[in-house]
Colleague: 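Following this message is one structure expressed as structure tokens.
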Amino acid sequence: SLLNSINEILTTAIVVLTASMLLYNLSRNLRNRVARTSGSVLLCVTIVSMCDVLISLGPSHLTLENIVRAQWIGIAFIPAATFHLSDALLATTGLPSRGRRRRVSRLLYFISVLFVIAAAFTDILIKPVIRGSELVNITGGGLFIVYVAYFLAAVITAFINVQRARQRCLTRDTRRRMGYLQFAMLTP
């Protein structure tokens with residue numbers, strides 16, 4: 001009970017912080033590519049955390065299933081948004097894409113759309129576990145392992161891109177900040 005309460009408080013705090021950071025970034029730096037792409041990562045985290053908050057309210061099993069499926073909007077787009085952010089950081093440090101990273105980024109967003117469609121309308125990515133007339137849990141479907149591979153490939157590539165951007169930084173403070181970003185990219 002105590003751990004559940006702490007979890008709910010932390011999840012609510014994450015929603016407030018990420019939504020605040022998202023609104024701040026978009027209101028102050030709309031022309032900055034890094035701010036826009038970090039906004040997409042923040043939006044994904046906000047969606048996932050907001051759905052967690054809604055789940056903690058104890059909705060009916062049908063509503064719970066719909067919330068979990070909606071949560072996959074954020075979950076599916078996090079790898080693409082993370083890669084897109086790493087591309088923007090590389091471009092900021094003076095290594096713009098010659099079209100390859102941009103095409104990969106678009107491909108990753110397209111794949112994310114496919115995962116959202118699979119999660120929302122089918123049971124091949126996630127499937128509900130129902131006992132009697134109640135939803136007990138959500139488990140991974142046959143396509144879930146493909147999502148895990150997609151997630152790992154995108155996040156590892158983004159991590160490598162940020163490392164490349166970090167090495168291109170001119171000052172120690174900028175390299176340190178880039179290191180913080182690199183660590184933060186592992187958290188979603």
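Here the structure is a predicted model, which is why all the values come from computation and not from measurement. Side-chain atoms are counted along with the backbone in the values below, which use heavy atoms only and exclude waters and symmetry mates.
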Colleague: Measure across Ala81 and Cys44 and return the closest heavy-atom pair with its distance rounded to 0.1 Å.
Modeller: CB-SG, 4.4 Å
Colleague: With heavy-atom distances below 4.5 Å as the criterion, would you say the side chains of Thr122 and Lys127 are in contact?
Modeller: no
Colleague: Can you find a heavy atom in the side chain of Leu42 that is under 4.5 Å from one in the side chain of Asn25?
Modeller: yes
Colleague: Please check: side-chain N/O of Ser105 versus main-chain N/O of Arg101, any donor-acceptor pairing under 3.5 Å?
Modeller: no
Colleague: Count I, L, V, M, F, W, Y as connected when their side-chain heavy atoms are under 4.5 Å apart, and connections chain through other members. Are Leu17 and Val53 then in the same cluster?
Modeller: no
Colleague: CG/Leu95 to CG/Asp87 distance, rounded to the nearest 0.5 angstrom?
Modeller: 9.0 Å
Colleague: Do the side chains of Met50 and Ile9 join up, straight or via other hydrophobic residues, at under 4.5 Å, putting them in one cluster?
Modeller: no
Colleague: Can you check whether Arg164 reaches Leu90 side chain to side chain, under 4.5 Å on heavy atoms?
Modeller: yes
Colleague: Once you round to the nearest 0.5 Å, how far does CG of Leu62 lie from CG of Asn66?
Modeller: 5.0 Å
Colleague: Locate the shortest heavy-atom distance separating Cys51 from Ala70; write the atom from each residue and the value.
Modeller: SG-C, 4.2 Å
Colleague: Nearest heavy-atom pair of Asn32 and Val34: which atoms, and what distance?
Modeller: OD1-N, 2.9 Å
Colleague: Let me check something: do Leu107 and Leu152 share a hydrophobic cluster, defined by ILVMFWY side-chain heavy atoms less than 4.5 Å apart, either directly or through other members?
Modeller: yes
Colleague: Keeping Arg168 on the side-chain end and Gly94 on the backbone end, is there a donor-acceptor pair under 3.5 Å?
Modeller: yes
Colleague: State, with a plain yes or no, whether a side-chain heavy atom of Phe151 is found less than 4.5 Å away from one of Ile78.
Modeller: yes
Colleague: Output every pair passing side-chain hydrogen bond (donor to acceptor under 3.5 Å, both in side chains) with a member in residues 49-59, not counting sequence neighbours, ordered by first then second residue.
Modeller: Asp52-Gln71
Colleague: Give the cluster check for Val113 versus Ile47: same hydrophobic cluster or not, with ILVMFWY residues linked at side-chain heavy-atom distances below 4.5 Å.
Modeller: yes
Colleague: Tell me whether the count of non-hydrogen atoms from other residues, nucleotides or ligands lying under 6.0 Å of CZ in Arg175 goes above 12.
Modeller: yes
Colleague: Find the distance between CD1 (Ile55) and OG1 (Thr11) and round it off to the nearest 0.5 Å.
Modeller: 10.0 Å
Colleague: Taking the six-membered ring for Trp, are Trp72 and Phe77 closer than 6.0 Å centroid to centroid?
Modeller: no
Colleague: Do the non-hydrogen side-chain atoms of Gln163 and Gln167 ever get within less than 4.5 Å of each other?
Modeller: yes
Colleague: What's the spacing between Leu89 CG and Ser38 OG if we round to 0.5 Å?
Modeller: 8.5 Å
Colleague: Relative to the ring of Tyr109, is the ring of His84 parallel (under 30°), tilted (30 to 60°) or perpendicular (over 60°)?
Modeller: perpendicular
Colleague: Any idea which heavy atoms bring Ala119 and Leu125 closest together, and the distance?
Modeller: CB-CD2, 3.8 Å
Colleague: How long is the span from the CD1 atom in Ile6 to the CG atom in Leu2, to the nearest 0.5 Å?
Modeller: 4.0 Å
Colleague: Hey, does Phe115 have a side-chain heavy atom less than 4.5 Å from the side chain of Leu143?
Modeller: yes
Colleague: Does Met178 reach the side chain of Thr93, with side-chain heavy atoms less than 4.5 Å apart?
Modeller: yes
Colleague: Looking at Phe83, is its backbone amide N or carbonyl O close enough to the side chain of Ser86 to form a donor-acceptor pair, meaning the two atoms are under 3.5 Å apart?
Modeller: yes
Colleague: More than 12 heavy atoms of other residues, nucleotides or ligands under 6.0 Å from CG of Leu57: is that the case?
Modeller: yes
Colleague: Which heavy atom of Ile111 sits nearest a heavy atom of Tyr150, and at what distance?
Modeller: CG2-CE1, 3.7 Å
Colleague: Pair Val45, Ile14 - check side chain to side chain contact (heavy atoms under 4.5 Å, CB included), show working.
Modeller: CA-CA 8 Å; Val45 173; Ile14 289 171; 4.2 Å; yes
Colleague: Is there a side-chain contact between Ile138 and Val129 in this structure, where contact means two heavy atoms from C-beta onward sitting under 4.5 Å apart?
Modeller: no
Colleague: Keeping Thr63 on the side-chain end and Pro59 on the backbone end, is there a donor-acceptor pair under 3.5 Å?
Modeller: no
Colleague: Quick one: do Asp123 and Arg69 make a salt bridge, cutoff under 4.0 Å?
Modeller: yes
Colleague: Counting only heavy atoms not in Ile145, do more than 12 sit closer than 6.0 Å to its CD1 atom?
Modeller: no
Colleague: Kindly determine whether Met185 and Val155 satisfy side chain to side chain contact (heavy atoms under 4.5 Å, CB included), including the steps that lead there.
Modeller: CA-CA 8 Å; Met185 290 181 107; Val155 170; 5.8 Å; no
Colleague: Would you say the side-chain atoms of Tyr147 pair up with the backbone N or O of Ile75, donor to acceptor, closer than 3.5 Å?
Modeller: yes
Colleague: Is it the case that Thr171 and Thr174 place a side-chain donor and acceptor less than 3.5 Å from each other?
Modeller: yes
Colleague: With a 4.5 Å cut-off on side-chain heavy-atom distances among I, L, V, M, F, W and Y, is there a chain of contacts connecting Ile124 to Val148?
Modeller: yes
